Amino acid sequence: MGSVELFPTPDVVIRAQATVGEGPVWDRRTGRLCWVDINNGLLFENDLATGGQSTSALGTLLGAAAPRAQDEGFAVAVSEGLGIFADGKLQILDPVLPEPTRRMNDAKCDSRGRLWAGSTHLDFVPGVGAVHRWDGQAPSSIVATGFALPNGLGWNAEDNTMYLADSMANLLFSAPYRSDEGEVGAFTPLCEIRGGLPDGLAVDLDGCLWVAIWGGSEVRRYAPTGELIGRIPMPVEQPSSCAFADDGTLYITSASADISEDGLSKQPLAGSVFALATNTAGVPVQPFAA
């Protein structure tokens, strides 16, 4: 293993107490940072320049939200499946998860604006989790199966490799990807994660993966080979996901779930959002095309 870069501790930019803060994404329509609180079904839109925040309650578990390219609102991954949230109303357009024991988790759009989402069992039963692809025009397709908690979706700048984390398996995966067709090959392990669970991730233009390590109090940077090359120490135990803004700032969500009162007294920023300036830039995440 080569040298591992130690980054500064990020600054808190949104003080919050989200149960499970997740899914940060930069909304280029408004210049706002959007993110969710999964357990409470909340969608936040934050204007970091003014400190303003808009909060929407969807009334169901909310895994992720993706800004739309042509219309107002968001494509959302929720308990029941996939849909659109706009004008304060949630429409489930693809109820692919009718079972009350399953839900959607992390989701992200690819370079063509298709939404990819991971589904999971509420008890993270191994093998039940799957990866779904939805273009908004037809029912979603299941493109990969056999996971426990599929998480942390992303693609490299060349758009020929897709990445995925299975949190409960402590693994990062990669797979060959055909962007025009939206076809992904077999996911194979890239590296094993120790000292915490791999959660949400972002991919930079250098081909490296920035991975939030739930329970590990850090975000890690991995080379395309799976080698650990950087660490970001966090003031909270449960960083949950991360995303790049266009200026190369990395925004990091976190969670306060299952932390005791004593634990919260020692990490009062649990559930907040943090930011760190980097010397790279992220692979642009596209809005939902439909």
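Since this is a predicted model, take the numbers as computed values, not measurements.
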Short question: side chain of [X], backbone of [Y] - any donor-acceptor pair under 3.5 Å?
{"X": "Asn156", "Y": "Thr161", "answer": "yes"}
{"X": "Asp262", "Y": "Ser265", "answer": "no"}
{"X": "Arg220", "Y": "Leu228", "answer": "no"}
{"X": "Glu218", "Y": "Ile213", "answer": "no"}
{"X": "Thr120", "Y": "Ala148", "answer": "yes"}
{"X": "Asp47", "Y": "Gly51", "answer": "no"}
{"X": "Thr278", "Y": "Thr280", "answer": "yes"}
{"X": "Ser240", "Y": "Thr253", "answer": "yes"}
{"X": "Asp37", "Y": "Val20", "answer": "yes"}
{"X": "Asp106", "Y": "Gly152", "answer": "yes"}

Do [X] and [Y] touch side chain to side chain, with heavy atoms closer than 4.5 Å?
{"X": "Pro235", "Y": "Thr9", "value": "yes"}
{"X": "Ser56", "Y": "Phe85", "value": "yes"}
{"X": "Ile92", "Y": "Thr60", "value": "no"}
{"X": "Pro284", "Y": "Arg28", "value": "yes"}
{"X": "Ile193", "Y": "Val211", "value": "no"}
{"X": "Val78", "Y": "Arg103", "value": "no"}
{"X": "Leu190", "Y": "Thr225", "value": "no"}
{"X": "Thr55", "Y": "Leu43", "value": "no"}

Same hydrophobic cluster for [X] and [Y], using side-chain heavy-atom links shorter than 4.5 Å among ILVMFWY?
{"X": "Leu269", "Y": "Tyr251", "value": "no"}
{"X": "Leu172", "Y": "Ile252", "value": "no"}
{"X": "Ile232", "Y": "Val12", "value": "yes"}
{"X": "Leu153", "Y": "Val283", "value": "no"}
{"X": "Val4", "Y": "Leu209", "value": "yes"}

Legend entry - side chain to side chain contact (heavy atoms under 4.5 Å, CB included) between Val128 and Thr101, intermediate numbers included: CA-CA 11 Å; Val128 175; Thr101 56; over 6 Å; no
Which atom pair, heavy atoms only, marks the closest approach of [X] to [Y]?
{"X": "Gly63", "Y": "Glu22", "answer": "O-CB, 4.4 Å"}
{"X": "Val219", "Y": "Pro239", "answer": "CG2-CB, 4.4 Å"}
{"X": "Gly230", "Y": "Phe7", "answer": "CA-CE1, 4.0 Å"}
{"X": "Ala69", "Y": "Ala289", "answer": "CB-CA, 4.2 Å"}
{"X": "Val184", "Y": "Ala175", "answer": "CG2-CB, 3.6 Å"}
{"X": "Ala275", "Y": "Val13", "answer": "CB-CG1, 3.6 Å"}

Testing the 3.5 Å rule here: is there a donor-acceptor pair between the side chains of [X] and [Y]?
{"X": "Asp199", "Y": "Ser241", "result": "no"}
{"X": "Thr249", "Y": "Asp247", "result": "yes"}
{"X": "Asn160", "Y": "Trp155", "result": "no"}
{"X": "Gln53", "Y": "Asn46", "result": "yes"}
{"X": "Glu45", "Y": "Thr30", "result": "no"}
{"X": "Trp210", "Y": "Asp204", "result": "yes"}

Legend entry - Matching residue for Tyr177 among Phe187, Tyr163, Trp116 - test: ring-ring contact (aromatic ring centres under 6.0 Å, His included):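 Result: among Phe187, Tyr163, Trp116, Trp116 is the only option passing the ring-ring contact (aromatic ring centres under 6.0 Å, His included) with Tyr177.
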Legend entry - Pairwise salt bridge (Lys or Arg N to Asp or Glu O under 4.0 Å) hits with a residue in residues 142-170, at least two apart: Arg112-Asp159
Can you measure from [atom1] ([X]) to [atom2] ([Y]) and round to the nearest 0.5 angstrom?
{"X": "Trp26", "Y": "Leu33", "atom1": "CH2", "atom2": "CG", "result": "5.5 Å"}
{"X": "Arg114", "Y": "Ser140", "atom1": "CZ", "atom2": "OG", "result": "14.0 Å"}
{"X": "Leu201", "Y": "Cys242", "atom1": "CG", "atom2": "SG", "result": "6.5 Å"}
{"X": "Gln238", "Y": "Ser256", "atom1": "CD", "atom2": "OG", "result": "8.0 Å"}
{"X": "Cys208", "Y": "Arg221", "atom1": "SG", "atom2": "CZ", "result": "4.0 Å"}
{"X": "Asn39", "Y": "Leu61", "atom1": "CG", "atom2": "CG", "result": "6.5 Å"}

Check the surroundings of atom [atom1] in [X]: do more than 12 heavy atoms from other residues, nucleotides or ligands lie under 6.0 Å from it?
{"X": "Gln286", "atom1": "CD", "result": "yes"}
{"X": "Asn40", "atom1": "CG", "result": "yes"}
{"X": "Glu72", "atom1": "CD", "result": "no"}
{"X": "Gln91", "atom1": "CD", "result": "no"}

Inset, instruction - For the pair Asp71 and Arg29, find out whether any cationic side-chain nitrogen is under 4.0 Å from an anionic carboxylate oxygen. - result: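 No, this pair does not count.
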Inset, instruction - Share the residues that join Ile84 in a hydrophobic cluster, the rule being Ile, Leu, Val, Met, Phe, Trp or Tyr side chains under 4.5 Å apart at the heavy-atom level. - result: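 In the cluster with Ile84 are Leu82, Leu93, Val96, Leu97, Met104, Leu115, Trp134, Phe288.
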Inset, instruction - Mind running side chain to side chain contact (heavy atoms under 4.5 Å, CB included) on Leu42 and Val36 for me, showing each step along the way? - result: CA-CA 5 Å; Leu42 299 176; Val36 307; over 6 Å; no
Inset, instruction - In sequence, state the C-alpha distance, the side-chain angles, and the governing distance for Ser272 and Ile14, and then conclude on side chain to side chain contact (heavy atoms under 4.5 Å, CB included). - result: CA-CA 6 Å; Ser272 297; Ile14 303 171; 5.9 Å; no
Inset, instruction - Step by step, work out the side chain to side chain contact (heavy atoms under 4.5 Å, CB included) result for Val131 and Thr145. - result: CA-CA 6 Å; Val131 178; Thr145 59; over 6 Å; no
Legend entry - Stepwise side chain to side chain donor-acceptor pair (under 3.5 Å) test for His132 and Ser119: CA-CA 8 Å; His132 307 250; Ser119 62; 2.7 Å; yes
